[in-house]
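Below: the structure, in structure tokens.
Order of the sequence lines sets the chain letters (A, B, ...), proteins ahead of strands, with each chain counted from 1. All values below were derived from every heavy atom in this structure, side-chain atoms included, with hydrogens, water molecules and symmetry-related copies excluded.
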2 protein chains.
Amino acid sequence: MSAVIAVPQVGLIGQSTVRRDGVAKVTGQFAYGVDVRLPGMLHAKIRRSDIPHGLLRRVDVSRALALPGVRAVITGDELPEYRASRYIRDELILAKGSVRYKGEPIAVVAADDPEIAAEAVRLIDVEYEPLPVLSDPEQAAQPGAPLIHPEWQTYWANPVLRRDGNILNHTTLLRGDVEEAFAQARHVFEDEYDTQIVHQASLEGHVAIASVDLEGRVHVVSSHQFPYGLRQDIADILHLPLGRIHVTASGLGGGFGAKLYASVEPLCVLLAERTGRPVKIELSREEELAATSPRMAARVHLRTGVDSDGHLLVRQGVIYYDAGAYSLSSPGTSAVGTLMLPGPYRWQALQIDSYSVYTNKTNCGSYRAPGGPQATFAGESQIDRIARELGFDPIEFRDRNAVENGDLGPAGQVLTGVSLRKTLQVAKERSRWPQAQDRPSRPGVRRGRGVACNWWTTTSGASAAVIKLNDDGSIVLSVGATEIGTGAVSAGLVQICAHEMGVAVESVQIVSADTDATPYDFGAQGSRTTFQNGQAIIRAARDLRQQIFALVAPGLDCETDELEVHDGHVYRRDGTGRAVPLAEVARLGQTVGGLLGRGSFTAPPTPYDPSTVKGHTYPAFNSPSFHTHVAEVEVDTETGEVTLTGYHVAQDVGFALNPLYAAGQVTGGATQGIGYALMEEVQYRDGTVLNPNFTDYKLPTIRDVPTIDVALVEEPSEAGPYGMKGVGEPAVVAPAAAIANAVYDAVGVRIRSLPITAEKVLQALRSRELEG
Amino acid sequence: MSAVIAVPQVGLIGQSTVRRDGVAKVTGQFAYGVDVRLPGMLHAKIRRSDIPHGLLRRVDVSRALALPGVRAVITGDELPEYRASRYIRDELILAKGSVRYKGEPIAVVAADDPEIAAEAVRLIDVEYEPLPVLSDPEQAAQPGAPLIHPEWQTYWANPVLRRDGNILNHTTLLRGDVEEAFAQARHVFEDEYDTQIVHQASLEGHVAIASVDLEGRVHVVSSHQFPYGLRQDIADILHLPLGRIHVTASGLGGGFGAKLYASVEPLCVLLAERTGRPVKIELSREEELAATSPRMAARVHLRTGVDSDGHLLVRQGVIYYDAGAYSLSSPGTSAVGTLMLPGPYRWQALQIDSYSVYTNKTNCGSYRAPGGPQATFAGESQIDRIARELGFDPIEFRDRNAVENGDLGPAGQVLTGVSLRKTLQVAKERSRWPQAQDRPSRPGVRRGRGVACNWWTTTSGASAAVIKLNDDGSIVLSVGATEIGTGAVSAGLVQICAHEMGVAVESVQIVSADTDATPYDFGAQGSRTTFQNGQAIIRAARDLRQQIFALVAPGLDCETDELEVHDGHVYRRDGTGRAVPLAEVARLGQTVGGLLGRGSFTAPPTPYDPSTVKGHTYPAFNSPSFHTHVAEVEVDTETGEVTLTGYHVAQDVGFALNPLYAAGQVTGGATQGIGYALMEEVQYRDGTVLNPNFTDYKLPTIRDVPTIDVALVEEPSEAGPYGMKGVGEPAVVAPAAAIANAVYDAVGVRIRSLPITAEKVLQALRSRELEG
């Protein structure tokens, strides 16, 4: 890290203030969800399916119930049809009748300590009648494939969304005359790409504690990204009145999209109701990796036509996303593929079909930029191939085809704030592209450099804020937003509030992520926290300033619009009159009940053009950001090993509110993208995860990742606060293609399947030798 | 209990809904402050002065520090001048140089467990040089008395409030020509009255836990009535920025005014800062009774002139309130005496001097209706004497002299909502006054009946409320108010919110008493919680309804003022159109950030007439309530024992929001007044409390108190919600006089000193025999 391009320094915004939770986190004193303990708390463990697909013949809990220290055992058969999942209600919280993935919850045990609970789980006897196991989403999508959900058409009332067989969602983007465009094309390129399942691998997994008070009110503390969503989920799943549920997010040790839905919480609530005591569930690493919601694998078929001048004409693509056994967020995240597969380029015609398909794996879910990395690996690998085969510099080729302001996006929206060319230029300069690279570090090693671009949208959804003025002129900011670990709440929102209220960041205290005590927020998802909450805070601050000015104006003999607030004082803009301390205004305000501002915001979503998009959709780019990544690699031609030697990101953030944490987000995202490119994979064989631990599931460490050179480009958006665009997700999207393209540059082979392991590279090199 | 007079039944208000915390409290599962435990928490104990007055020669903590398990010891000498007390900063949180009452904190110890802390306290060696002990406030007020605070003129900057010698406050009410009025008087009555120190005796004493987070932010959980006040106190005492302090009230096991100021909290904070760990202090019953802030004793000199028709003309009174060693709330509570000593009667002239005087006792403080019971015992005992000696029925005499609407109150305000005659009439009917009573239960016993009246004010001070609409149409109400135990928050405010929002009480959740998470409230004091917060809630609900109506009106094709909300639905007032569920409106509102109403309220205080009142004042009656109590006693002429056989209260509550809990408040207040009348006393001898335990400090039990017959009279106030007046305090005021007057009625002796023990009655009977 890191350089910031053109940050306007205006008050506190644009400055790298220090996050509120920083000291506690780096000194190991921060309290995460796993640290929460309640008096009298029981510990629960889940009995999970031993097989990936089958009928449940018998679930015998008698030995478990007899174990001393066991307080409750619940099986699916005891429950009404409590159905999880937000889009399609295809999943029971405890299996009944059949199981569809290995690791599916069958029963849950609450006991005095975790060891007893674990022992009781082992004592639950389950008999199955095995059924065929489906592993490949494209095969599972074919007519005649065995059905994983024979009855699933009944799950969802909306027939528009209902598909046949194992296809749970199909979104089509069709624009222009595809056939005619291919007929015009001088060159047509056709490829197939495969991406793997990877896991969010938060250092803290899913953990929740539920208790029920004497009024029957349910209190849930969960390591969760979206307390309001969780409250709704629990209400929907357990048929509880929403108002009877109170959700608080604990400190989060990571989420990355895995903690957006109810997971263990409904089971905690049932056990707490059953036992009358608080109940905690904390998943093990094995459960996390094998039975929570990783990123979908995908197969992409891609065909692209180009004219004789190197202009992209038409792209036709089919994506089969592997949803796993249940839908969870797959309808939404698979729809993203239709927006991402075209990439940020001009097209005459597009036809993108995105399928999300059931298989007998854990239900996949949302993971940072869901749906994007799969599509972009395919799209940008092929763009690179086209550029190289037509004799263009890959950056020049992208520049030649880049969208510009006023062009149409894939959903039919008119694009604004477009900055692809700017990020290409910055990335080019910072990577000294296309100058010759340094010499390889040793014989047998070849160096290469690859580029990849993407665009990304910021998710909308409502946020609200309440700002209270304390008697000493300090501030309490109340938001429903959750600090997922990015600093968005603990630095960014504090900073915006301090800036807007004209006080130091130290003067702002924050209350957050509590469905009783704080206002609404749509959750830490879609790069939206600072974007949406920031606007809500700006509005709440405006409201509060207006109240302050109304109290001060008479004394300063002016109108409210002649006043401003900074440095903790109210001033006349014309510089006359005295500076009135906020503390003085606060005490005045106290006599009328205290001053309290409120504000809310939802970025208006861009409507889809219904003539071009069919099926379930994902909120379109209302404020796209643009990104160019350049990877520098060394490839060992003897072993196939790929070493990343340099990495550059030019990311359009609209406005860098806090350059330090914006760059931190980019670094973190790119690092996860690098893991995706080179090493991470949840390995399945016949429905069984082979590597459910951090020894065999390899995450990138500091030894695998070079210093990420981050350049924050600022092309203001229309909707974001101070022109901001969402920052958190997009940096994970491009690395796989950039690295694959760098490998090609180094050794001339294209790896079309992730991760890019030494074995695959070596095999490709050998195949080429055989062909050559 | 209990009858309610003329309750208008309008929706949820006026109904005896059940309080939210009721089940938990009656089943013993409610969590009070004493139940709060934090991980790693230390326990602290206080080393207190062994003598009532002296110079501190040496404080040696070396043996305490050496005790294993002791984590910190702090003495006053180590600290800057950290001064407690809200009005006059005359008290150090740990003594330096001298001690002024037995039990004054000298040092504080934090240790691993309470036993070690207690042992360490015993190991702290203190040497004193004794000074003279002052016990009697009237004597201490005389010129030439030894000074308890020789330097105290420096404590307070405002010279208006500075007095000489040991007098810390002197408030004078002077209206009309007193000399001329006495000259006109046909009869002049002159008496002296004494009242004792009594304790609030909450079943849960003072308990607080403080912790300091890694940002240096201080979190205090305290069994406290006024979190916002405590936050200000801690900031003032420890010179901390207010915004760095976060106060939450725990569940309260009683307060009655004793928990309105900082007490143990600053010591907890200092120890938490010193040790880096949470620190809890929980006072013992002995500490509570001997070293916290009971009700002031008082001596009252009273002279009253009456004309030949039985009309009161003039009253001249002097009250010496015993403040103890430090001021605490004495300036305010002693000023109340000037308002209370006249009683609710018409006067040509008044001269009331109220002094608050230092003595070498624990600093007295606020206790339910502070300043009132002392003055009213004197005033109403003498009114009774006057009536009887002039041959009037005591009720008729009061009726003849009662104030009416439009009369001037003692502060010069024009009275409205006056209901004294109504309460006299109701009490008369309910006690079947003046019909002959039942025969005494046995020979040697005489029956008697006494009446006493008072008026009381509701304290003002700001409150604010925020009301949030949940997605299912349920409600979250956020207020800074504290549930002191009356049901004001857990029933009353919930009820008002539900009523105003047109939902069931079960649909309202409440968040309260947190200086970060909830809006401002002036605290659970002065009978103000429902009164002020109720108005804030009404305003917040109006604000929220307006937002709801704005969303619904277009669909119902009408203006917002044509809509109303009840039964969880919005309707057109004209009955046309469909009923729109609040849940539907909420989901609509969610898209714009959720709907959130806010409101605040401060009843405008009635200004004093500065020509008639000098010195520190207490907020005047802006909405007086009126009360008549009738006590029925049996007096054993052999033993002097007084048995209460019946008790009637007619209390004007303005509007009975929740008759059950309003009557509960009256019953509780009257019971404490009965204890004050007959048995309770913190007994001092030479500065030492003789009875610091519940064996020797006798509280009334169910065996001492008959069923209290409560009649709630409703004479609407101008300022309160739905016409309410404050309910909590006033019932404690009149019992002492009513019972003393009943004893006179029974056996013909007037007891002018509280409590009315068998010894005093017997002595009076014998004196009369000797005189007779």
With side chain to side chain contact (heavy atoms under 4.5 Å, CB included) as the criterion, how do B/I496 and B/V494 come out once you've worked through the C-alpha distance, each side chain's angles and the decisive distance to 0.1 Å?
CA-CA 6 Å; B/I496 291 175; B/V494 167; over 6 Å; no

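- Heavy-atom distances place both the backbone and the side chain of B/A24 under 4.5 Å from chain A.
- Separation of atoms CG (A/L469) and CG (A/L596) is listed at 10.0 Å; rounding is to 0.5 Å.
- Inter-residue side-chain proximity for B/V565 and B/I548 is flagged as unmet; no heavy-atom pair is nearer than 4.5 Å.
- Considering only heavy atoms from C-beta on, B/V476 stays 4.5 Å or farther from B/I467 through its side chain.
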Once you leave out hydrogens and angles, what donor-acceptor pairs under 3.5 Å do chain A and chain B share?
| residue | atom | partner | partner atom | Å |
| --- | --- | --- | --- | --- |
| A/R20 | NE | B/E215 | OE1 | 3.2 |
| A/E215 | OE1 | B/R20 | NE | 3.3 |
| A/R217 | NE | B/Q509 | OE1 | 3.0 |
| A/R217 | NH1 | B/Q509 | OE1 | 3.4 |
| A/Y228 | OH | B/K468 | NZ | 2.4 |
| A/R231 | NH1 | B/N470 | OD1 | 2.8 |
| A/R231 | NH2 | B/N470 | OD1 | 3.1 |
| A/L242 | N | B/D472 | OD2 | 3.1 |
| A/G243 | N | B/D472 | OD2 | 2.8 |
| A/K468 | NZ | B/Y228 | OH | 2.4 |
| A/K468 | NZ | B/T515 | O | 2.6 |
| A/K468 | NZ | B/D516 | O | 3.4 |
| A/K468 | NZ | B/T518 | O | 2.6 |
| A/N470 | OD1 | B/R231 | NH1 | 2.8 |
| A/N470 | OD1 | B/R231 | NH2 | 3.0 |
| A/D472 | OD2 | B/L242 | N | 3.1 |
| A/D472 | OD2 | B/G243 | N | 2.9 |
| A/Q509 | OE1 | B/R217 | NE | 3.0 |
| A/Q509 | OE1 | B/R217 | NH1 | 3.4 |
| A/T515 | O | B/K468 | NZ | 2.6 |
| A/D516 | O | B/K468 | NZ | 3.4 |
| A/T518 | O | B/K468 | NZ | 2.6 |
| A/D543 | OD1 | B/R598 | NH2 | 3.3 |
| A/D543 | OD2 | B/R598 | NH1 | 2.5 |
| A/D543 | OD2 | B/R598 | NH2 | 3.2 |
| A/T591 | O | B/T602 | OG1 | 2.4 |
| A/V592 | O | B/S600 | OG | 2.5 |
| A/L596 | O | B/R598 | NH1 | 2.8 |
| A/R598 | NH1 | B/D543 | OD2 | 2.6 |
| A/R598 | NH1 | B/L596 | O | 2.8 |
| A/R598 | NH2 | B/D543 | OD1 | 3.3 |
| A/R598 | NH2 | B/D543 | OD2 | 3.2 |
| A/S600 | OG | B/V592 | O | 2.5 |
| A/T602 | OG1 | B/T591 | O | 2.4 |

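- Classification of the B/F522-B/F226 ring pair by plane angle, with boundaries at 30° and 60°, yields perpendicular.
- For A/A517, the parts lying under 4.5 angstrom from a heavy atom of chain B are both the backbone and the side chain.
- At a 4.5 Å heavy-atom cutoff, the contact between A/V466 and chain B is made by side-chain atoms alone.
- In this structure, A/L238 CG and A/I245 CD1 are separated by 7.0 Å, a value rounded to the nearest 0.5 Å.
- Summarising the geometry, atom CD1 belonging to B/I537 is positioned 4.5 Å from atom CG belonging to B/L477; distances are rounded to the nearest 0.5 Å.
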